[in-house]
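Everything numeric in this text was worked out from a predicted model, so none of it was measured. One-based numbering, in listed order, for ligands and for the atoms of each.
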Amino acid sequence: MISKPNNMPTHMNRRNWLKSGAMMAGGFMVAPNLQWNLTNTANQIAARLYGLPADEEARLILERPALKARLLANENPFGPSKKAKEALISEIDKGYLYGFEKSLEFAKLLADKYKLTEFGERSWGPARPTQLMLGAGSTELLLAASVAFGQNEQRILSADPTYMSLIRSGQNVGAEWDSVPLTKDYVHDLNRLSDSLTDQHSLVYICNPNNPTGTSVNPDEMRAFCKEVSKKKPIFIDEAYIDYTPDPDKYSMADLVTEGYNVIVTRTFSKMHAFAGLRIGYTLAQADVITEMSKYSNGNGNIACTSMAAAIASYLDTEYHQYAREMNQKSKEFLYKTLEDAGYEYLPSDTNFVLFPVRIESSRFAQEMMKRGVGVRSWSFDNKEWCRVSIGTMEEMEYFAEAFNQIS
Ligand SMILES: Cc1ncc(COP(=O)(O)O)c(C=O)c1O
């Protein structure tokens with residue numbers, strides 16, 4: 001007989017067990033102990049997202065209604081593009097091959113876009129751009145940088161609040177973190193960052209546009225900052241949301257790599273290209289930095305050839321880019337109006353999410369929304385409670401508005 005784990009909530013009945021998606025694996029029932037582990041993991045993740053005690057979160061997750069609007073991970077529900085899907089399907093027949101050729105094709109496209117001129121010979125196979133590294137999403141590139149610039153008690157400087165993936169991973173391998181608050185408009189304070197930089201720092205991390213605030217830095221000021229500060233220390237610029245800015249080519253600092261500056265620009269296909277589940281990202285940096293980061297990642301080898309084929313199609317599909325941005329903007333304007341009508345303020349956003357102050361404890365706000373089938377995220381900083389809501393389809397934003405109007 002299989003015994004119940006000690007910490008299993010007593011209220012969980014057989015119906016809940018069967019209902020829970022985590023109980024089912026590939027259409028068949030898995031052993032109850034393993035079921036519990038899977039459910040427990042899902043609850044722990046959710047507990048972390050919502051800042052709740054694990055027991056309370058377990059109850060909430062098991063009893064929550066199905067999500068009507070998934071507005072908690074800044075995904076893009078308007079894609080992937082039709083051309084990307086077609087390319088992915090037609091690549092499946094080559095799925096038995098490692099994706100060497102596809103990654104080279106993709107790397108060449110990016111090398112052309114960014115006018116990369118340095119190509120290095122490999123022990124075998126054709127030369128590849130040495131200032132470029134591909135990843136299965138940008139998280140593995142952030143992780144590689146966190147080890148390269150964080151291990152051995154190195155110090156990382158960044159704004160706070162910002163996207164914490166690189167910093168948290170760095171801390172896990174011994175890095176120290178120094179932070180600088182955002183300005184009163186919740187934008188990166190470039191002057192203070194520059195003044196706070198010391199010889200002790202190994203890296204400056206800047207998420208631009210910033211997550212969770214959705215704000216971006218004036219591109220001219222950012223460029224001047226990067227040119228000056230990168231002479232002292234490398235600057236890692238996380239451009240996950242750059243495609244949503246008013247002028248991505250101007251807002252991006254990628255061209256500084258080609259000009260020889262010590263900046264490390266990382267981009268992802270997870271946002272505007274809607275590839276969060278397909279996993280494509282890349283880093284542009286000086287060749288010695290790429291060599292160092294490559295020690296901590298399997299790079300091209302981690303990416304499915306199907307995803308690479310789809311990424312090439314999506315990259316070339318400029319009509320889709322325009323469509324994805326327009327749909328995002330339309331839903332975002334609806335959200336702005338919903339908030340304005342209820343007398344709420346918000347931070348105008350250059351991304352596919354919006355941060356706004358709430359009037360109750362933010363984790364409670366998120367729980368109340370979750371009970372109504374709407375997933376959002378909560379933050380507390382600057383003595384305020386905040387909700388971050390991702391931009392979804394118009395239908396999802398209407399669900400958001402309905403739930404929000406009930407609790408605002
Ligand atoms: C600022 C930022 N960088 C990086 C990522 C990681 O995205 P991915 O690993 O899907 O490329 C995210 C995800 O939300 C993000 O918000």
Side-chain angles (χ1 to χ4, degrees), residues 45 48-49 70-77 79-80 84 106 110 132-146 149 156 158-170 182 186-188 203-217 222 235-245 248 251-254 264-285 293 296-300 302-304 307-308 310-311 314-315 324 328 347 349-355 375-379 386 388-392:
I45 293 169
R48 214 192 51 197
L49 285 177
R70 175 168 150 143
L71 308 175
L72 42 70
N74 303 340
E75 295 147 332
N76 168 8
F106 186 39
L110 296 174
L132 172 70
M133 178 173 168
L134 304 180
S138 62
T139 299
E140 76 159 292
L141 302 163
L142 292 163
L143 179 60
S146 75
F149 293 99
I156 299 169
S158 85
D160 182 29
T162 193
Y163 188 66
M164 293 301 285
S165 171
L166 185 154
I167 296 156
R168 290 271 181 264
S169 305
L182 299 171
Y186 302 105
V187 180
H188 275 84
L203 188 74
V204 184
Y205 170 80
I206 296 189
C207 180
N208 189 48
N210 191 36
N211 184 1
T213 53
T215 51
S216 54
V217 185
M222 182 70 179
I235 309 175
F236 190 107
I237 309 155
D238 184 341
E239 295 190 347
Y241 300 97
I242 206 82
D243 296 309
Y244 291 111
T245 58
Y251 278 64
S252 173
M253 296 295 124
I264 306 161
V265 174
T266 292
R267 300 188 57 164
T268 179
F269 271 50
S270 295
K271 308 303 172 184
M272 184 197 72
H273 290 276
F275 271 48
L278 293 172
R279 313 305 299 138
I280 294 283
Y282 60 91
T283 291
L284 301 156
M293 281 174 57
Y296 310 107
S297 154
N298 189 27
N300 310 335
N302 282 347
I303 312 173
S307 293
M308 261 179 307
S314 188
Y315 170 85
N328 183 65
L347 302 186
S349 162
D350 279 339
T351 63
N352 65 340
F353 58 87
V354 173
L355 190 73
V376 294
R377 294 282 307 275
S378 58
W379 260 267
W386 303 83
R388 191 198 72 186
V389 51
S390 306
I391 301 300

- Using non-hydrogen atoms of the residue, decide whether E140 is closer than 4.0 angstrom to ligand 1.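 No heavy atom of E140 comes that close to ligand 1.
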
- Message: Below 4.0 Å from ligand 1: does a non-hydrogen atom of D238 turn up there or not?
- Response: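 Judged by the 4.0 Å heavy-atom criterion, D238 does count as contacting ligand 1.
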
For ligand 1, note which part of [X] has a heavy atom under 4.0 Å away: side chain, backbone, both or neither.
X	value
T139	both
S138	both
K271	side chain
T266	neither
F269	neither

Can you list the atoms of ligand 1 that are under 4.0 Å from a heavy atom of [X]?
X	answer
N211	16 (O)
L142	4 (C)
S270	8 (P), 10 (O), 11 (O)
A240	1 (C), 2 (C), 3 (N)
C207	1 (C)
R279	8 (P), 9 (O), 10 (O)
T268	8 (P), 11 (O)

- Task: Considering heavy atoms of the protein only, find what lies nearest to atom 16 (O) of ligand 1 and give residue, atom and distance to 0.1 Å.
- Result: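 So the nearest neighbour among protein heavy atoms is Y241 OH, 2.7 Å.
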
- Message: Return the closest protein heavy atom for atom 5 (C) of ligand 1 as residue, atom name and distance.
- Response: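 Looking only at protein heavy atoms, the one closest to atom 5 (C) of ligand 1 is Y163 OH, 3.5 Å.
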
- Task: Take the angle between the ring planes of H273 and F275 and call it parallel below 30°, perpendicular above 60°, tilted in between.
- Result: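 Ring orientation, 0 to 90° scale: perpendicular.
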
- Main-chain N/O of V354 paired with S349 side-chain donor or acceptor, under 3.5 Å: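 No, the answer is negative, given that no donor and acceptor are paired below the 3.5 Å cut-off.
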
Under 3.5 Å, is there a donor-acceptor pair linking the side chains of [X] and [Y]?
X	Y	result
N210	Y241	no
D350	T245	no
Y205	D238	yes
N211	R388	yes

- Message: Do R267 and Y282 form a cation-pi contact, if we require the NZ or CZ to be under 6.0 Å from the six-membered ring centre and within 45 degrees of the ring's axis?
- Response: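 Cation-pi check for R267 and Y282: fails.
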
- Query: L203 versus L166: any side-chain heavy-atom pair under 4.5 Å?
  - Reply: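 Yes; the side chains approach each other to less than 4.5 Å.
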
- Compare all side-chain heavy atoms of M253 with those of E239 and state whether any distance is below 4.5 angstrom.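 The answer is yes, as the side chains (C-beta and beyond) meet within the 4.5 Å cut-off.
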
- Message: In this structure, is the centre-to-centre distance between the rings of F353 and Y244 below 6.0 Å?
- Response: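 Ring centroids of Y244 and F353 are no less than 6.0 Å from each other.
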
